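Order of the sequence lines fixes the chain letters, A, B, ..., with proteins taken first and strands second; residue numbering starts at 1 for each chain. What's counted below: heavy atoms across the whole structure, side chains too, no hydrogens, waters or symmetry copies. No experiment lies behind these values; they were computed from the predicted model shown.
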Amino acid sequence: MSGKKKADLKVIILGDYAVGKTSLICRYIDGKFQTQEPTVGAAFFLKQWGPYNVAVWDTAGDERYSGLSHFYCRSAGAAILAFDLNNPKTFESLWARFGSILEAANEDCLKIVVGTKVDLLEPEHREITIEEGRKLSRDLNEHIDIRKLPHDPYFETSSLANENVQEVFEYIFQYCLPLSADQKKRHRNQQKSVVDLLENSEEGDKGKKKCC
Amino acid sequence: MSIKAFELVSAIERVKLMSDKAKTQIECMDVCGKNMYIGTSDCFVVHYSIEEKTQPNGRVTFVSEKQGHKYLVVKKPIAQLRAASALNRIMVLCDNTLTLLNMFDLEPIVTGAKIKSVTCFCINDNPVRTNPFSVEICVALKRKLIQLYTVTEDRLMHLRDISLPDQALAVGVDGKFVCAALSSQYCVVDTDNSQFTDLFPIDSDQIKPIIKRISKEEFLLSGPSALGIFATSAGVSQRPPMQWSDGLTSVSYVHPYILAMNDEFITVHSILDQQQKQAIPFQGGVVLGDFDGRIFVASSREIYSLVPIPFEKQIQALLADKRVNEALELAKNANKTGMTRDKFVKMFKRIQQQAAFIEFCQQHFEEAGQLFRDSGIDVREIISLYPHVLPKSINFTRSVPPLHEIADINQLSRSDEKVKAAYKEFLRTFLEDIRGTNLAHGYKREVDVALLKLYAESAPERLCELISVDTGCDLDDCVEWLERHGRLHALGLLYQRHAENDKALAVWTRLADSDSPDPTFPGLEFVVEFLSSLTDHELLWKYVDWVLEKDEELGVRIFTERPASEAQSERLRPETVVDYLHRFPRAVITYLEFLVFQRRLEKEKYHTHLAVLYLEAVLRLMEGNSVKKEELDIARSKLRHMLQMSSLYRVQLILGKAKEKDMHAECAILYGKLEDHDKALRILVHKLKDFGAAENYCQVNSHGKEPGYRKRLFHILLSVYLDPSYERRDTLVAPAMALLNSSVAEFDTVKVLQLLPDSWSVGLLAQFLTRAVRSSMHNSRTTRIQRMMARGENLQVKQTFIELQRDAIVMNDERACAVCNRAFNDPSFVRYPNGVVTHVHCAKNKYICPVSGKLFSAGRTR
Ligand SMILES: Nc1nc2c(ncn2[C@@H]2O[C@H](COP(=O)(O)OP(=O)(O)O)[C@@H](O)[C@H]2O)c(=O)[nH]1
Ligand SMILES: [Mg+2]
């Protein structure tokens, strides 16, 4: 895929090796869950959001690439910090490693904390509570007015079961590139690639009324 | 994954280097037009001419000839060498000193301009200044400094210094941005304001820093873990990295390929998907470079060129591997190779079509459909893959050279019925989609016939619409196909569509008579509907019998539901139809009702006929003994409605029968028709005792008549009420009073008073009298007002008349008629209110001035 089209928003996903970053993006972009080759350095996807182009950057969690992560973060408007809900170490990494990497991102970069693989989680063995996740998400976003957000930027997802994946991205896009209700509807239709005749005709009517 | 994008071709087999000592090696080179310059390890600059020749078989070979050489005395290797053809100079870096040589005789320039302690340099291909006779370069010094220079024929003009935190190991430049590799990281410097942007760290001990300018404001850098990383001047990346091999020494780029060389291989990556496409074994490579789009590679003593395989070939190779997406991606980029737009579009469409058939073979129907559409395929190419689906009479030969190697879908599905069905389903949806679009343009028949055949097999419910709405289906092989699949209703429709009504009807009668009907056939009703709008009346009669025998009530609709716009025809004259329908009692009634009530034919014959039929029906019901009352009531009310509504039937005829059977209500209506109101009302009052009906009778029968008539009727009714000869007349006092006081009844008061028995008290009549007096007063007053108003109007007219007469009009010889312009010979003439004077015979209309067309209100003279 060529990256030449200038993107209106850059979203980057960070997190430890094998927490499921690539799977999350693939679920969103391709709508599929498939076994991923380990990501080399970084990978890149373009996504249409209403009239906007969004570049979604996937990074490799491996330590040896961490210098690169810094570079790939530059001018990101939003960052997804992913950890594996079943592995507390990956949560700690978010504090320890990835917070600083994000200094290269935009100042007002929105940070979303995402706990992955919720399908594997057994509630009685849960080690990271929802409240801890939420708190981290709030702490990371001290620089922005969190009241503008519909809720804390914290999600628990499963790429396997397609849970909450769409929501993560729409949450980001709607915050960074707000669409009107109308545009959003059209965006959905675009994705379904179905023409909603009813809606169109309604619009036509509206236009007519105005001219009278 | 692999693709053959380049071919290694020898350019100069064994460079005859100056000193034949074994260690003499190629260190660097540059190619500029037909000139090739080589820098050696023992301080020679050698000049060759080199020319590319394409053999008739498409092979590329090179012809070279040595032009001269120069020894630079310092006995050090030539580190870097670049030609600047605009200046006729070559820039040479040797022993950390940058100098200029004449491009042709390789002599140093007289001014002796040079820069010392240079580690490396590069030319700015996107210079900030636009003087064509100068070149901008960036040099990295041994100190922590880089410098910008403008190079002219004989000068190296220093522009600015930029100090760095560390020594630069490699530099790249684009516009005002310099990209530099320091020992531990890459950075971008804005030379205007010396602003640094860190890119990412590297360990220059492990990895040789490489900076390759890719395009405007974009560099390709060798990164950690053998990644090739793209970075813009702004310090961000717009493409994902590439996985290279270890130990790279140089990188070059010809769209869309990135070539990278290490000690053993030259790898080729596509910049489009960042994937490796080819690996060319090449031992001991020293230099790899792109020079105006040509790629040369040198080992220590030999020089080769990497000749690009034509796009077309690469694409065909990909297609042969069924790598559709890569082929298309590559094809899309082929227009950057200088093809004309038309040629490109043609080539691209063909590749899309090939790709589409590849997807088709793999049952990737969505992709195939999209590609077929995008490529504007000739639909017959697709249809022809389905045996017997193209119309027989069409001679279609598939495109040459072939787009695919498919025989037909039987071959593809290997007789797996499920797969075959999937292929058919694809064709069906595809054709439905393109129907009416450009893609189907000119092939309407092929498309529709194919759809018909597919529907006949698996979707009979859709046949009807296909055939009925502007179809391209002809009769040729469709008839046979539909018969074969038992789609008889569709066959009928198809005949109808082609105006073969007789054949269509033959099919439908067959269907209606058969025991195992076609589920899409709506039944007899459909045939009736068809006949009722059939313009061929001769043909119509052929089937009427058949229909009516089956269902007379339905059948009669053939006559009653004819299109309003249909012209009258001899064959469908009402007489003819009525005569014909005699055999079908219910049908004839329906038909007569249609004539009388709907068509409103005012013919006594039909009205009487219908009335008689109604009457007969009633009589039949009356004679039957187990008849429900409601049924009889309905029949009678139908009859009464008819009797009341129509005035055209023969009253006496009906009346005779009605009297005989004591049908009082009917008799009352019939007497009414004879204007024998007294008799009628007597029946209503005495026999039926229905006073409301009596009152209603007066209203109905006076409807539309002069006002006196209504009064007369009410008066008759009153007389009936008050008839002294009627023995039970006391029972009628109350209705009589009610009538007098009724708000609808109208009376001549004087006559009423004469009629009333003297014995009635005034009190009893108070209400009636008050009302009578009041309305009489009212009448008198309104009449007076009318009289006065008429008088006023009369006066006004008189006044106008006098005014009009007051002015004298002089008539003499000079006076001519305003219309014909001739003199007046008669004493009488016409004068219009606006003064226009004409002959009497020229005044055509006294309200319109013949000259000005002015309209005079007719009201003024009234
Ligand atoms: N059960 C489960 N497994 C997941 C999920 N997401 C990813 N995985 C698995 O986790 C592994 C690592 O995924 P990957 O996307 O490559 O992680 P990355 O290194 O962060 O990009 C793979 O084996 C995935 O199949 C999830 O939501 N549920
Ligand atoms: Mg990954």
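Looking at A/A42, the atoms closer than 4.5 Å to chain B (heavy atoms on both sides) sit in the backbone and in the side chain alike. Using a 4.5 Å cut-off between heavy atoms, B/L199 touches chain A through backbone and side chain atoms alike. Only the backbone of B/A234 comes within contact range of chain A, judged by heavy atoms closer than 4.5 Å.
A cation-pi contact, defined as under 6.0 Å to the ring centre and within 45° of the axis, is absent between B/K212 and B/Y253.
Below 30°, between 30° and 60°, or above 60°: for B/F365 and B/F426 the angle between ring planes is below 30°, a parallel geometry.
Tested against A/D84, the residues A/K117, A/K21, A/K89 include a single salt bridge (Lys or Arg N to Asp or Glu O under 4.0 Å) partner, A/K117.
Under 4.0 Å is where a charged nitrogen must lie from a carboxylate oxygen, and between B/D190 and B/K176 at least one such pair does.
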